[in-house]
Amino acid sequence: MAENSQEFVQHIASKSENFSQWYLDVVLRAELADYAPVRGCMVIRPYGYGIWENLKGLLDKRFKATGHKNAYFPLFIPGSFLEKEAEHVEGFAPEVAWVTRAGNEDLAEPLVVRPTSETIIGHMYAKWIKSWRDLPVLINQWANVVRWEKTTRLFLRTSEFLWQEGHTCHRTKEEAEEEALKMLEVYRRFLTEDLAIPVLTGKKTEREKFAGAVTTYCVEALMTDGRALQAGTSHDLGQNFAKVFDITFLDKDNQLKYVWQTSWGVSTRLIGGIIMVHGDERGLAVPPRVAPTQVIIVPIMPPPHEETVLAAARDVFERLDKVSRVEIDAREEFSPGWKFNEWELKGVPIRLEIGPRDVKAGKVVLVRRDTGEKISVPMDNLESAVTDLLNSVQEGLYARAKQFMDENTHTLVDYEEFKAVMENKRGLIYAPWCGSDECEAAIKEETAATIRCIPLDAKPSDEKCIYCGKSSTSGYWVYFAKAY
RNA sequence: CGGGGCGUAGCGUAGUUUGGUUAGCGCGCCUGCUUUGGGAGCAGGAGGUCGGAGGUUCAAAUCCUCUCGCCCCGACCA
């Protein structure tokens, strides 16, 4: 019997030696997704889609709890709409897919396949909003969007992806700002509580913000290869789109005013985040809250015990089915050891082993995916043992990720050290910045690191800029990292 | 979009430099028997337009041209 992980058969690349290949192996071998016949597109397979469905359900609840309702807007947007907001066009033009022909006829007005829906939603809001009594408008949509990317990676960047985009309108600037920050907090809690992913929250620099936004807030997570992943964004749009799409209302003071807007979104990219934050040498580890299968029952059935063990396993299944997402793997063509490896690769949080010895003793063996720890529990308190263990795995994954993030966040004031960290272990660098676009650009040029966010509570710093060495009243301590 | 690499059975690959029988091997798959607490064993069997299209040649996986896709490193983005 293998006592440590080195002795387990490896069917995926080593995470520590070849992270990119490891990531791909996990996605393909765990059957999360596969390549589609169209360049840059992917098929999300049932197991990967199961994670998305759970994630979507939990997030949707949080949106409903904050007063939002779902709606659906069209996939096609008149080409002219996109061109109305100058920054917006400039930001998205290079990656927009156009429809210019239907059947045998050229379209009178070419259509774009939505890269995001600010414009078409803005157009509709202009029709719907007349009075301050119509505000706020709090709408979310779950949809697919298309961005013709040059370099694609499964889940992290594909030409088409699934996401949600919230689009809200408010009577005042303050209310919109409050909404953008409220949704940022919704994302932060969702990531930490449901996905077990610790995050930084903050706002983007001018260079990094959304095309058309006044302010972009974000949640950033650190992957275990030391690169940061933008996990979600919440934009304060000000009146930029309101002015372009003429979204006006008559206020209490009888004045015609433009609404104040926000938009916010997360995508299937989060699944990539789950893989890169929680995965290990053995494969994926799915946080229990979003795991399609939380408990996998592996019956061990040497003859002549097939019938008794299987009956006991089915009994266990019936009981656990009431408190968890459980499956039983009674396939005869695979050995127990084979199944152990397979379900670990797929990242199922708890494996339940039941064999002749357990049946006789009135017990089962539970094995947690995060630590590999095995415990034998009596049948009597099976439900509570499993429920507690699921919570414990959820917490264990978060704690491990949080510790990794803390250990890989470097507070620095010296640029040489900055460069050395970026060249070696990477991770997050917390450093003073004078606030100038030139220093930000130069650091990116020289180290590939970008400013991931300016922390929300950042106060102007009199520390000298890590790049130019100058003090500035507009400077802050900010987080740098190489990003996905 | 630049630089590099790779496409041979479901997966991983040998063969390509130097063209020459029926394209070889491992895993997986099918059948049977024995197995089952960390990827079981034996025996038999099926599976290939060598990414695609042109070309050179008596003869092409192998040489030439074009093309498609994927991976890695950069530039651009969720």
Side-chain angles (χ1 to χ4, degrees), chain A residues 1-13 18-21 23-25 28-29 34-42 90-96 115-116 145-165 204 207-211 216 218-221 228-235 263-273 282 298-306 309 330-345 351-359 364-365 367 372 374 376 444-445 448 450 482-484:
Chain A
M1 309 311 144
E3 289 296 325
N4 61 58
S5 60
Q6 273 71 39
E7 295 179 41
F8 288 96
V9 180
Q10 292 296 316
H11 284 261
I12 54 176
N18 191 348
F19 191 86
S20 298
Q21 190 61 50
Y23 177 83
L24 260 177
D25 287 348
L28 297 173
R29 288 286 329 282
D34 200 356
Y35 290 103
V38 178
R39 183 202 139 84
C41 292
M42 69 171 169
E90 198 186 328
F92 284 103
E95 52 194 46
V96 163
T116 179
V145 285
V146 169
R147 298 182 188 177
W148 219 256
E149 299 286 352
K150 290 162 186 163
T151 303
T152 57
R153 299 190 74 187
L154 295 174
F155 287 115
L156 298 175
R157 184 171 303 108
T158 46
S159 295
E160 179 192 11
F161 57 94
L162 305 184
W163 78 344
Q164 57 70 215
E165 45 181 328
K204 289 293 187 188
R207 170 174 289 266
E208 298 281 330
K209 76 173 191 189
F210 175 72
T216 290
C218 62
V219 283
E220 294 278 330
L229 182 77
Q230 179 172 306
T233 49
S234 179
H235 314 292
S263 70
W264 26 274
V266 299
S267 72
T268 35
R269 172 179 253 197
L270 287 174
I271 295 174
R282 314 264 284 275
V298 179
I300 291 132
M301 307 178 284
H305 305 282
E306 295 95 325
V309 170
R331 292 176 294 178
E332 290 174 13
E333 65 269 34
F334 296 111
S335 69
W338 192 94
K339 292 176 185 174
F340 295 170
N341 284 287
E342 187 70 6
W343 291 108
E344 277 167 9
L345 170 67
R351 176 174 76 244
L352 187 154
E353 299 174 19
I354 181 165
R357 295 203 299 265
D358 306 295
V359 173
V364 297
V365 172
V367 186
K374 285 191 184 189
S376 185
K444 181 176 182 182
E445 175 74 23
T450 51
K482 188 172 176 185
Y484 268 97

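None of the values given here were measured: they were computed from a predicted structure.
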Using whole Å, report how far [atom1] of [X] lies from [atom2] of [N].
{"X": "A:Phe19", "N": "B:C73", "atom1": "CZ", "atom2": "P", "result": "11 Å"}
{"X": "A:Lys482", "N": "B:A75", "atom1": "NZ", "atom2": "C1'", "result": "12 Å"}
{"X": "A:Glu332", "N": "B:U31", "atom1": "CD", "atom2": "P", "result": "13 Å"}
{"X": "A:Gln230", "N": "B:C76", "atom1": "CD", "atom2": "C1'", "result": "14 Å"}
{"X": "A:Ile12", "N": "B:G12", "atom1": "CD1", "atom2": "P", "result": "15 Å"}
{"X": "A:Leu24", "N": "B:G5", "atom1": "CG", "atom2": "P", "result": "20 Å"}
{"X": "A:Arg153", "N": "B:G74", "atom1": "CZ", "atom2": "P", "result": "11 Å"}
{"X": "A:Trp148", "N": "B:C77", "atom1": "CH2", "atom2": "C1'", "result": "15 Å"}

Heavy-atom donor-acceptor pair, [X] side-chain to [N] base, under 3.5 Å:
{"X": "A:Ser335", "N": "B:G38", "result": "no"}
{"X": "A:Arg351", "N": "B:G37", "result": "no"}
{"X": "A:Arg357", "N": "B:G37", "result": "yes"}
{"X": "A:Arg157", "N": "B:C77", "result": "yes"}
{"X": "A:Ser20", "N": "B:C71", "result": "no"}

Nearest non-hydrogen partners of [X] and [Y], listed with the distance:
{"X": "A:Arg153", "Y": "A:Thr158", "value": "O-CG2, 3.7 Å"}
{"X": "A:Leu229", "Y": "A:Gly273", "value": "CD2-CA, 3.7 Å"}
{"X": "A:Val266", "Y": "A:Trp163", "value": "O-CB, 3.1 Å"}

Partner of [N] by Watson-Crick or G-U wobble geometry, both contacts under 3.5 Å, or none?
{"N": "B:C70", "result": "B:G5"}
{"N": "B:G48", "result": "none"}
{"N": "B:U18", "result": "none"}
{"N": "B:C76", "result": "none"}
{"N": "B:G24", "result": "B:U13"}
{"N": "B:C42", "result": "B:G32"}
{"N": "B:C63", "result": "B:G55"}
{"N": "B:G37", "result": "none"}

Original post:
Of A:Arg39 and A:Lys444, whose nearest nucleotide on RNA chain B comes first from the 5' end?
Top reply: A:Arg39
**OP:** Map A:Thr151 and A:Ala36 onto RNA chain B by nearest heavy atom, then report which one ends up closer to the 5' terminus.
**Re:** A:Thr151
Subject >> Distance in Å, A:Arg29 CZ paired with A:Leu345 CG, rounded so as to fall on 0.5 Å steps >> reply: 5.5 Å
When the [atom1] atoms of [M] and [N] are compared, how many Å lie between them, rounded to an integer?
{"N": "B:A43", "M": "B:G28", "atom1": "P", "result": "14 Å"}
{"N": "B:A60", "M": "B:U17", "atom1": "P", "result": "14 Å"}
{"N": "B:U49", "M": "B:U8", "atom1": "C1'", "result": "12 Å"}
{"N": "B:C63", "M": "B:G20", "atom1": "P", "result": "11 Å"}
{"N": "B:G48", "M": "B:C11", "atom1": "P", "result": "14 Å"}
{"N": "B:U36", "M": "B:C72", "atom1": "C1'", "result": "42 Å"}
{"N": "B:G26", "M": "B:A9", "atom1": "P", "result": "16 Å"}
{"N": "B:A59", "M": "B:U13", "atom1": "P", "result": "33 Å"}

Subject >> Close side-chain approach of A:His235 to A:Phe210, heavy-atom, < 4.5 Å >> reply: yes
**OP:** With the side chain counted from C-beta on, respond yes when A:Glu332 and A:Glu306 share a heavy-atom pair under 4.5 Å apart, and no when they do not.
**Re:** no
What nucleotide, of [options], holds the atom closest to the side chain of [X]?
{"X": "A:Glu95", "options": "B:C77, B:A40, B:G38", "answer": "B:C77"}
{"X": "A:Pro303", "options": "B:U36, B:G38, B:G37", "answer": "B:U36"}
{"X": "A:Lys150", "options": "B:C77, B:G38, B:A75", "answer": "B:A75"}

Under 4.0 Å, counting only non-hydrogen atoms across every strand here, what does [X] touch: a base, just sugar-phosphate, or nothing?
{"X": "A:Pro37", "result": "nothing"}
{"X": "A:Tyr35", "result": "sugar-phosphate"}
{"X": "A:Gly272", "result": "nothing"}
{"X": "A:Val145", "result": "nothing"}
{"X": "A:Ser159", "result": "nothing"}

**OP:** Taking A:Tyr35 for its side chain and A:Leu154 for its backbone only, find out whether a donor-acceptor pair lies under 3.5 Å.
**Re:** no
Subject >> Sidechain N-carboxylate O distance under 4.0 Å for A:Arg351, A:Glu342 >> reply: no
